[in-house]
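Contents: one structure, followed by commentary.
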Amino acid sequence: MTSIQAIRGTRDILPSEIGNWQMIESVARQILGCAAYQEIRTPIFEQTSLFERGIGEATDVVGKEMYTFNDRGDRSLTLRPEGTAGVVRSYIEHGLHAQGGVQRLWYTGAMFRYERPQAGRQRQFHQLGVELLGSSDGRADAEVIAIATQILQTIGLKDLSLHLNSIGDASDRQHYREALVAYLTPFKEQLDPDSQTRLTRNPLRILDSKDANTQAILGNAPSILEYLSPASQTRFDALLALLADLGISSTLNSRLVRGLDYYTHTVFEIQSADLGAQATVCAGGRYDGLIPQLGGPETPAIGWAMGLERLVILLQHLQASPPSSVDFYVVSRGEAAEAQALKLAQSLRQAGFKTELDLSRSAFGKQFKRADRSGATACLILGDAEAESKTVQLKWLNSGEQSAIAQADLLANPQQLRQQLTQRST
RNA sequence: GCGAGCGUAGCCAAGUGGUUAAGGCAGAGGAUUGUGAUUCCUCCAUUCGUGGGUUCGAUCCCCAUCGUUCGCCCCA
């Protein structure tokens, strides 16, 4: 193809598949509204240093996946690879912490990572996420997880599993890191090549290596849970009890570590077995250290993000996006009738009826065929005779019944018309 | 960034080193100049992602490139 096509790793969401997207957004909006979360919209690009400092210079996301460029003023900018950093920047910049108490925020939008496209992974993708800032209470962790679960359930997904872990505070993690390195170093030569380099750069990441041999070696490795301080341990136990009390089942996974540097204590993922290699549909955790690190006041916080493309893929496995059908399909023929048809269609729309006007000027037979295919409940017919008498033929498409009615009377009783439509549509 | 598979119309597809590139769906027109089923007829790829090479000749073989799919890395 020499014609212009969408950039690699980007996708058009076409009208035929938009239904699931809109459904997810409206479900999330409704649930988050009920939980008193407020939407926040932050810019799609930010100073590069925000992500370098927030996400961590050593992470792959920052190291090799960012869309970074210099603008005409020679500032280094980056298309956001995730949502939390921007929200936190905004929180600090506008002093939202000074408004007292906790802030419950949510966002949705496009994110960008320069990666090789694959099932459930694109370069431009969409996330929906929440951030609960200003509380270190275990109930905050439980609330946020419960909301994620509720959203996923309400949009109709099943067979999801919640994986949960605590990675403690910075000092817990430091002690554990040393213990893990001490355990793995004797096996260094037997580890897969990636894990060998991670041994010095980011040893915790070895835990979720997919290499079978590495996993076998990890069988006897120390667990992070043994290195939690008493306070961290108490905190985690409390969260487990709260979740159990909410009826949310979870799997404890001491190998679960997250890719971004800012996480502390609670980390979790919600996975589907139905997505191939990209199984995680929602992931998040607590990030008590991030806000001070970005220049804000000491503020504990927790959040998560869902990958919307992945949700849509799962929904498509369940059922096709529901087709939209119209109430009235208006066919007309002849100059006067066409003009009246346009007016009639417009008044139906103003009254809230979904109305499609045939613009083809082709034979009535063709227009009826299109009416049929549009899935319309009823067809309105205007020809020379109707134009003359200011009437319209109203035809119910699934029964074929047809009757004439004065144009002026069609909307005389909109409630009744709506009722008829509901009855006659199958 | 690495590895493997694939690229024929809007969609799904068959196909072969030789020349008019099956079929189906969708679409357009007509049989039916005011009534949607069905049926029937006609039309809808000078071209097989793109560029180059081998060849008397390439959609088919080779190379490159782009895209895509799956996996690795990593992540939502």
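In what follows, chains carry the letters A, B, and so on, assigned in the order in which the sequence lines appear, proteins first and then strands, with residues in each chain numbered from 1.
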Length of the CE-P vector between A/M306 and B/A76, whole Å: 13 Å

Checking the side chain of A/E82 only, and the main-chain atoms of A/A85 only, is there a donor and an acceptor separated by less than 3.5 Å? yes

If you count the non-hydrogen atoms of other residues, nucleotides and ligands that lie under 6.0 Å from CD in A/E93, is the total more than 12? yes

Return yes when atom CD of A/E39 has more than 12 non-hydrogen atoms of other residues, nucleotides or ligands closer than 6.0 Å, and no otherwise. yes

Distances under 3.5 Å between nitrogen or oxygen atoms of protein and nucleotides 29-35 of chain B:
from	atom 1	to	atom 2	distance (Å)
B/G34	O6	A/D384	N	3.1
B/G34	O6	A/A385	N	2.9
B/G34	O6	A/E386	OE1	3.4
B/G34	N1	A/E386	OE1	2.8
B/G34	N1	A/E386	OE2	3.2
B/G34	N2	A/E386	OE2	2.9
B/U35	O2'	A/K395	NZ	3.4
B/U35	O2	A/K395	NZ	2.8
B/U35	N3	A/Q402	OE1	2.9
B/U35	N3	A/Q402	NE2	3.3
B/U35	O4	A/Q402	NE2	2.6

May I ask you to say what A/Q122 touches in the nucleic acid, namely base, sugar-phosphate or nothing, with a heavy-atom cut-off under 4.0 Å? base

So does A/D208 get a backbone contact from the side chain of A/R255, meaning a donor-acceptor N/O pair under 3.5 Å? no

For A/S76 and A/T68, run side-chain contact (heavy atoms from CB on, under 4.5 Å): C-alpha distance rounded to whole Å, both residues' side-chain angles, the deciding distance at 0.1 Å, then the answer. CA-CA 7 Å; A/S76 178; A/T68 297; 3.5 Å; yes

Using the C1' atom in both, what is the distance from B/U59 to B/U46, to the nearest Å? 14 Å

Contact class for A/R373 vs. all strands (heavy atom < 4.0 Å): base, sugar-phosphate, or nothing? sugar-phosphate

Scanning all shown strands, the Watson-Crick or wobble mate of B/U65 with both distances under 3.5 Å is B/G49

Verify whether one side chain among A/E269 and A/T280 offers a donor that lies under 3.5 Å from an acceptor in the other. yes

Using Watson-Crick or G-U wobble geometry with both distances below 3.5 Å, tell me the partner of B/U39, or none. B/A31

Between protein and nucleotides 1-7 of chain B, what N or O pairs are separated by less than 3.5 Å?
from	atom 1	to	atom 2	distance (Å)
B/C2	N4	A/R116	NH1	2.6

A/F268 has an atom CZ; how far is it from atom P of B/A76, in whole Å? 11 Å

Please state how far atom CH2 in A/W21 lies from atom C1' in B/A76, giving the value in whole angstrom units. 11 Å

May I ask you to check if A/K395 and A/Y329 form a cation-pi contact, with NZ or CZ under 6.0 angstrom from the six-membered ring centre and within 45° of the axis? no

Taking the P atom of each, how far is B/C6 from B/G15, in whole Å? 14 Å

Could you tell me whether A/G129 contacts a base, only the sugar-phosphate backbone, or nothing, with contacts defined as non-hydrogen atoms closer than 4.0 Å? nothing

Pairing partner of B/G17 (Watson-Crick or G-U wobble, both distances under 3.5 Å): none

Within the structure shown, what part of the strands sits under 4.0 Å from A/C282 by heavy-atom distance: base, sugar-phosphate, or nothing? sugar-phosphate

Can you tell me if A/S360 and A/D358 form a side-chain donor-acceptor pair at under 3.5 Å? yes

Could you pick out which residue, A/A305 or A/D194, lies toward the 5' side of RNA chain B when each is mapped onto its nearest nucleotide? A/D194

Please assess A/R11 against A/E17 for the test salt bridge (charged side-chain N to carboxylate O under 4.0 Å, His left out), listing each intermediate value before the final yes or no. CA-CA 12 Å; A/R11 261 180 60 96; A/E17 49 191 343; 3.1 Å; yes

Of all the nucleotides listed (B/C70, B/C75, B/A76), which has the minimum atom distance to the side chain of A/V61? B/C75

Examine A/Y114 together with A/Y67 and report whether their ring centres are nearer than 6.0 Å. yes

For B/G3, what is the paired nucleotide under Watson-Crick or G-U wobble rules, both distances under 3.5 Å? B/C70

Residues from residues 198-218 of chain A sitting under 4.0 Å of RNA chain B, heavy atoms only? A/R198, A/R205, A/K210

Pairwise P distance, B/G3 and B/G24 [rounded to whole Å]: 43 Å

Rounded distance in Å between the P positions of B/G17 and B/C2: 34 Å

Taking the same atom, C1', in B/A28 and in B/C63, what whole-Å distance lies between them? 42 Å

Strand partner of B/G10, provided both Watson-Crick or wobble distances fall under 3.5 Å: B/C25

Salt bridge (charged side-chain N to carboxylate O under 4.0 Å, His left out) assessment of A/R235 paired with A/D141: CA-CA 10 Å; A/R235 185 175 199 297; A/D141 304 44; 3.1 Å; yes

Over all strands shown, is A/G9 touching base, sugar-phosphate only, or nothing at heavy-atom distances under 4.0 angstrom? sugar-phosphate

With a 6.0 Å cut-off (strictly less than), is the heavy-atom count around CD of A/Q47, excluding the residue itself, greater than 12? no

When the P atoms of B/A45 and B/G36 are considered, how many whole Å apart are they? 30 Å

So A/A283, base contact, sugar-phosphate only, or nothing? Heavy-atom distance under 4.0 Å. sugar-phosphate

In terms of ring plane angle, is the pair A/F353 and A/F328 parallel, tilted or perpendicular, where the classes change at 30° and 60°? perpendicular

C1'-based separation of B/U47 from B/U42 [nearest Å]: 22 Å

